[in-house]
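By convention in this document, chain letters (A, B, ...) are assigned in the order of the sequence lines, proteins followed by strands, and residues within each chain are numbered from 1.
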Amino acid sequence: MSQETDIPDLPTEITPQSQDFGRWYIDVVRRAELADYSPVKGCMVIRPYGYAIWELMQQALDKRFKATGHVNAYFPLFIPESLLMKEAEHVQGFAPQVAWVTQGGNEVLEERLVVRPTSETIIGTMYAKWVHSWRDLPILINQWANVVRWEKVTRLFLRTTEFLWQEGHTAHETAEEAQEETMKMLGIYKEFAETELAMPVIEGQKSESEKFAGAVNTYSIEALMRDGRALQAGTSHNLGQNFARVFDIKFQARDKSVQFVYGTSWGVSTRMIGAVIMTHGDDGGLILPPRIAPYQVVIVPIPRGNWKETVLPKAQTIRDDLVARGVRVMLDDRDTQTPGWKYNEWELRGVPLRLEIGPKDIEKSQVVLARRDTREKSFVPMDGLTPKVEEMLAAIQKALYDRAVQFREEHTTAADTYAEFKAVMDGRPGFVISPWCGSATCEADIKAETQATIRNIPFTSAPATGKTCIKCDGAAIALAWFAKSY
RNA sequence: CGGGGCGUGGCUCAGCCUGGUAGAGCACUCGGUUCGGGACCGAGGGGUCGAAGGUUCAAAUCCUUUCGCCCCGACCA
């Protein structure tokens, strides 16, 4: 197998990351046709190519939810005002972000409805009706839904007024079971992110001020984007008995006493698509991990002479062989575009592997394979092609993950003093691991002065014994991971 | 919600300062030659210049109002 060293420059149509990362992101989303702005302020249209990525993510997640005993259901989009108002902390957290429905047809509603920002309240109300005995537990329900949060500042995929997500809502007999569920689902998110999205994440606990409104504890997975900012990619909440008390979700326990259930909720959203873009993309556009790429291989036939009688049938055969093995393939046989144009287009859209085939290849019974991640080209014999393609897709998946891990390691720094901390945040941003005293005041001051927030306190974080808070010099309770975030 | 910027064919923009009846590139349609890293030639189609009002013989251009969007900051999956 020979390698071509002559890799052409990346196209210039997309703003380079180094010039303006935010602009680069928007350019990629729009040029790759993942999404577009809609006529509705703050809302986006997810285009077929972007939606195909979401569908692949959904399938991968749904499979995992089912495998751990969860079932899907669907709850209403509208929530009566009185339900939302029941849990004090929850209301306070979401009130500024809810959209109200005040009128139906021509009639003013007696009770206003909110468009769900999340469904704890309406699901809790139903659980109260369904749970009577410890034998009814646990309830392990997930729903795939849209939610609406009135946002002042929106960004495609990362924060839009309406977005798609899944929200799991479970009810358990004991506090221990609820905590176990909370951790299990966070673990599933981590495993999903790492194996399907090739995106390494840090699992940990949120600080009190970053916690979900109404939860006892919130845990998150945090990923590092290529501009050095962190992105919360998924959350899992232990709700304790907070919602159970308010919604009266009671059951008769094994000891005949009446108890409130222990709840959890957990979710990931279409924001994950933004995370993938900003984890793997380069100046040439999108780079998709093979496992969630709508097209894993694009076949570009070289149209020359009577190619429709020679090259094209061979390309079709190759496609059929790959499809038979479950590989997602696009055969780009348009004769309105040149091969070079197609190379650039599909690279921009992140297709992991390109297969070129022309008359010369047919003579030699070979094809050209070009990797999107390294942009390396190689000649591969037609014989044994399918296994070779599968092998390369797996190699790309792994390479993307390894590269992302390396990037994160290179952009993670420990800082025991505030001076060091600020130096890193001003310089090359990323995660900074620092001792923290646990005070919300210190946390807020650090944010005000450096824009960095506590992303989470990883489970694997070393104990902070003997260390002092970078802000107030008080005894540290933990080594927290700080970063500027999306 | 504060600061900045922008609304002109599908897209990116020029034209506005100094009013004179709308232009370029790309995209699109048709025909032909091409095609191994964003092809070329020829012929076409497409815009009441975000909206409303005003000034003027005449407004994309000047004035007023208004709507929308984008970017940067305070709140959030």
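Rounded to an integer number of Å, the gap from OH of A:Tyr343 to P of B:C35 is 13 Å. Atom pair A:Asn344:CG and B:G36:P shows a separation of 12 Å (rounding to whole Å applied). To the nearest angstrom, P of B:G37 lies 17 Å from CZ of A:Arg372. Between the CZ atom of A:Arg23 and the C1' atom of B:C70 there is a distance of 8 Å, given to the nearest Å. Distance CG (A:Asp332) to P (B:C35): 17 Å, rounded to an integer number of Å. If you take CZ of A:Arg30 and P of B:C11, they are 9 Å apart, rounded to a whole angstrom. Distance A:Ile302 CD1 to B:G37 C1': 10 Å, rounded to the nearest Å. Rounded to whole Å, atom P of B:G38 lies 13 Å from atom CD of A:Gln337.
Taking only side-chain atoms of A:Arg354, from C-beta outward, the nucleotide of B:G37, B:A74, B:G36 with the closest atom is B:G37. Closest contact between the side chain of A:Gln97 and the listed nucleotides B:C76, B:C71, B:G36 involves B:C76. Taking the side chain of A:Arg31 as heavy atoms from C-beta on, and the options B:A74, B:G38, B:A77, the nearest nucleotide is B:G38. Taking the side chain of A:Gln232 as heavy atoms from C-beta on, and the options B:G37, B:C35, B:A77, the nearest nucleotide is B:A77. In this structure, the nucleotide among B:G36, B:A74, B:G38 sitting nearest to the side chain of A:Trp341 is B:G38. You'll find that the side chain of A:Val153 is closest to B:G73, out of B:C76, B:G73, B:C71. Candidate nucleotides B:G36, B:C35, B:C71 were compared by shortest atom distance to the side chain of A:Val368, and B:G36 ranks first.
A:Phe212 and A:His237 have parallel rings, their planes meeting at less than 30° on a 0 to 90° scale where 60° marks the start of perpendicular. Classified by interplanar angle (parallel below 30°, tilted 30° to 60°, perpendicular above 60°), the ring pair A:Tyr418/A:Phe421 is parallel.
Separating the C1' atom of B:G7 from that of B:C11 is a span of 14 Å, rounded to the nearest Å. Look at the P atom in both B:U8 and B:C62: the space between them is 16 Å, to the nearest Å. Comparing the P positions of B:C40 and B:A52 gives an interatomic distance of 41 Å, to the nearest angstrom. Across the P atoms, B:G23 and B:U48 are found 14 Å apart, a figure rounded to whole Å. On the P atoms, B:C57 is 34 Å away from B:G46, given to the nearest whole Å. Between B:G50 and B:G45, the distance separating the two C1' atoms is 24 Å to the nearest Å. One C1' atom belongs to B:G44, the other to B:G36, and the distance between them is 33 Å to the nearest Å. Between B:G9 and B:C28, the distance separating the two C1' atoms is 11 Å to the nearest Å.
At a threshold of 4.0 angstrom between heavy atoms, the contacts of A:Gly267 with the nucleic acid are absent. Within 4.0 Å (heavy atoms only), A:Ile26 reaches sugar-phosphate atoms of the nucleic acid but no base atom. Within 4.0 Å of A:Ser265, counting heavy atoms only, lies no atom of the nucleic acid at all. Contact annotation for A:Lys342: no contact, since no heavy-atom pair falls under 4.0 Å across all strands. Among the atoms of the strands shown, none is found under 4.0 Å from any heavy atom of A:Pro96.
Applying the 3.5 Å distance criterion, the base of B:G37 shares a donor-acceptor pair with the side chain of A:Glu347. Interface remark: the A:Lys377 side chain does not form any donor-acceptor pair with the B:G36 base, using a distance-only criterion of under 3.5 Å. Side-chain N/O atoms of A:Glu345 and base N/O atoms of B:G38 include a donor-acceptor pair closer than 3.5 Å.
A ring-centre distance under 6.0 Å is found for A:Trp346 and A:Tyr295. For an aromatic pair to be called close, the ring centres must be under 6.0 Å apart, and A:Trp150 with A:Phe94 fails this. Between A:His90 and A:Phe243, the ring centre distance stays below 6.0 Å. When ring centroids are compared, A:Phe163 and A:Trp165 come within the 6.0 Å threshold.
Comparing A:Arg159 and A:Ala370, the nucleotide of RNA chain B nearest to each residue sits closer to the 5' end for A:Ala370. Take the nearest nucleotide of RNA chain B for A:Trp307 and for A:Phe157: the residue whose nucleotide is more 5' is A:Trp307.
The partner of B:C6 is B:G68, by the rule that a Watson-Crick or G-U pair needs both atom distances under 3.5 Å. Pair assignment for B:C1 gives B:G73, based on Watson-Crick or G-U wobble hydrogen-bonding distances that are each under 3.5 Å. If you check B:A39 for Watson-Crick or wobble pairing at under 3.5 angstrom, you find it paired to B:U33. Checking B:C57 for Watson-Crick or G-U wobble geometry (two distances, each under 3.5 Å) identifies B:G20 as its partner. With a cut-off of 3.5 Å on both Watson-Crick or G-U wobble distances, the partner of B:G47 is given as none. Across every strand in view, B:A27 sits unpaired, with no contact that passes the Watson-Crick or G-U test at under 3.5 angstrom.
In terms of heavy atoms, A:Gln17 sits closest to A:Gly281 at NE2-O, 3.0 Å.
In this structure, the aromatic ring of A:Phe163 is positioned over the six-membered ring of the base of B:A77, centres within 5.5 Å and planes within 30°.
A close approach under 4.0 Å does occur between a side-chain nitrogen or oxygen of A:Thr338 and OP1 or OP2 of B:A39. Distances shown here put a side-chain N or O of A:Lys447 below 4.0 Å from the OP1 or OP2 atom of B:C75.
Atom CD1 of A:Ile277 is separated from atom CG of A:Leu158 by 7.5 Å, given to the nearest 0.5 angstrom.
The environment of CD in A:Glu449 is crowded: more than 12 heavy-atom neighbours from other residues, nucleotides or ligands sit within 6.0 Å.
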